[in-house]
Amino acid sequence: MAARKLLQPILIGGLIAGVLDITYAFVFSYIRSGRNPAFVLQSVASGALGRGAYEGGAKTAALGLGFHFVIALAAAAVFVLASRALPFLITQPVISGIAYGLCVYAVMYCVVLRVSAIRATTWPWSLPKSVLIGGLLIHMFGIGLPIALVNRYYSK
């Protein structure tokens, strides 16, 4: 029973956050530069495979989708596990979820992308304003907040 109380919010929160985030990425990328969803997914895969991911067609796009959801589920797992030690994360899901989304953004852009095969060298605050603001908003309201709200629902 205890494992189920942890697994449900991780899976449901992670899947909701993953769907919202990738949908945002598809729409934003298409509007901003006409890129199709396969390109977006290959860019996720390029974090592990490098530039060769763009040559892999549907296989690397599918791998990118898998990586994307692993990351979303990991973000949900960290929050859910942390909430068991920090009850504030459960009792104040809106504040903690929005703050957590900002933390996820910082980790992704300041750590993960820098150590990935992409080796990003641009700091997030030097990105174009539309990229920075959109990225912050989707992380706060499309990742952190849904994870926190789902976690609260399953913590009752």
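For Phe67 against Ala48, the heavy-atom pair with the smallest separation is CE1-CB, 3.6 Å. Considering every non-hydrogen atom in both Pro93 and Leu145, the closest pair reads O-CD1, 3.9 Å. Residues Leu41 and Ala61 share a closest heavy-atom pair of CB-O, 3.3 Å. Here the closest non-hydrogen pair linking Pro128 and Arg32 is CG-NH2, 3.3 Å. Among all heavy-atom pairs drawn from Val40 and Ala25, the shortest one is CG1-CB, 3.9 Å.
The hydrophobic cluster containing Val80 does not contain Ile143, counting ILVMFWY residues as joined when their side-chain heavy atoms lie under 4.5 angstrom apart, directly or transitively. Cluster membership check: Val94 shares its hydrophobic cluster with Leu89, using side-chain heavy-atom separations under 4.5 Å among Ile, Leu, Val, Met, Phe, Trp and Tyr. When hydrophobic clusters are built by joining Ile, Leu, Val, Met, Phe, Trp and Tyr residues whose side-chain heavy atoms come closer than 4.5 Å, directly or via intermediates, Val44 is not grouped with Leu127. Taking hydrophobic clusters as Ile, Leu, Val, Met, Phe, Trp and Tyr residues chained together by side-chain heavy-atom distances below 4.5 Å, Val70 does not share a cluster with Leu65. Both Tyr24 and Ile98 belong to a common hydrophobic cluster when Ile, Leu, Val, Met, Phe, Trp and Tyr are linked at side-chain heavy-atom distances under 4.5 angstrom.
Atoms CZ and CG, from Phe141 and Asp21 in turn, are 14.5 Å apart once rounded to the nearest 0.5 Å. In this structure, Arg119 CZ and Leu113 CG are separated by 11.5 Å, a value rounded to the nearest 0.5 Å. Distance check, rounded to the nearest 0.5 Å: NE2 of His68 to CD1 of Ile22 gives 4.0 Å. The CD1 atom of Ile147 sits 6.0 Å away from atom OH of Tyr100, with the distance rounded to the nearest 0.5 Å. Here the straight-line distance linking atom CG of Asn36 with atom OG of Ser29 works out to 8.0 Å at 0.5 Å rounding. Once rounded to the nearest 0.5 Å, the distance linking CD1 of Ile133 with CD1 of Ile138 reads 14.5 Å.
Judged by distance alone, with hydrogens and angles left aside, the side-chain atoms of Arg114 form a donor-acceptor pair with the main-chain N or O of Ala120 at under 3.5 Å. Here the side chain of His139 pairs a donor or acceptor atom with the backbone of Gly135 at under 3.5 angstrom. Under a 3.5 Å cut-off, the side chain of Arg51 and the backbone N or O of Ser46 do not form any donor-acceptor pair.
Residues passing the side-chain hydrogen bond (donor to acceptor under 3.5 Å, both in side chains) test with Ser83, sequence neighbours excluded: Asn151.
Between Phe88 and Ile95, the closest side-chain pair of non-hydrogen atoms falls below 4.5 Å. Between Leu6 and Arg84 there is a side-chain heavy-atom pair separated by less than 4.5 Å. Residues Pro124 and Cys110 are in side-chain contact: their nearest non-hydrogen atoms beyond the backbone lie under 4.5 Å apart.
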> Should Val131 and Phe28 be marked as a side chain to side chain contact (heavy atoms under 4.5 Å, CB included) after you check the CA-CA gap, both sets of side-chain angles, and the distance that decides it?
Replying inline: CA-CA 9 Å; Val131 175; Phe28 183 79; 4.0 Å; yes
> Does the side chain to side chain contact (heavy atoms under 4.5 Å, CB included) test come out yes or no for Phe69 and Val19, once each step is laid out?
Replying inline: CA-CA 8 Å; Phe69 278 101; Val19 167; 3.9 Å; yes
Which donor-acceptor pairs under 3.5 Å do side chains of residues 53-60 form with protein atoms, sequence neighbours excluded?
from	atom 1	to	atom 2	distance (Å)
Thr60	OG1	Ala53	O	2.6
Thr60	OG1	Gly57	O	3.2

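With Val112 as the partner, the side-chain contact (heavy atoms from CB on, under 4.5 Å) test is satisfied by one option alone out of Val104, Val107, Ile71: Val107.
In the hydrophobic clustering, Ile16 connects to Ile12, Leu20, Val150, Tyr153, Tyr154, either directly or through intervening members, whenever side-chain heavy atoms lie under 4.5 Å apart.
Residues Tyr105 and Tyr109 place their aromatic rings such that the two centres sit under 6.0 Å apart.
For the pair Arg35 and Phe39, the cation-pi test (distance below 6.0 Å, angle within 45°) is passed.
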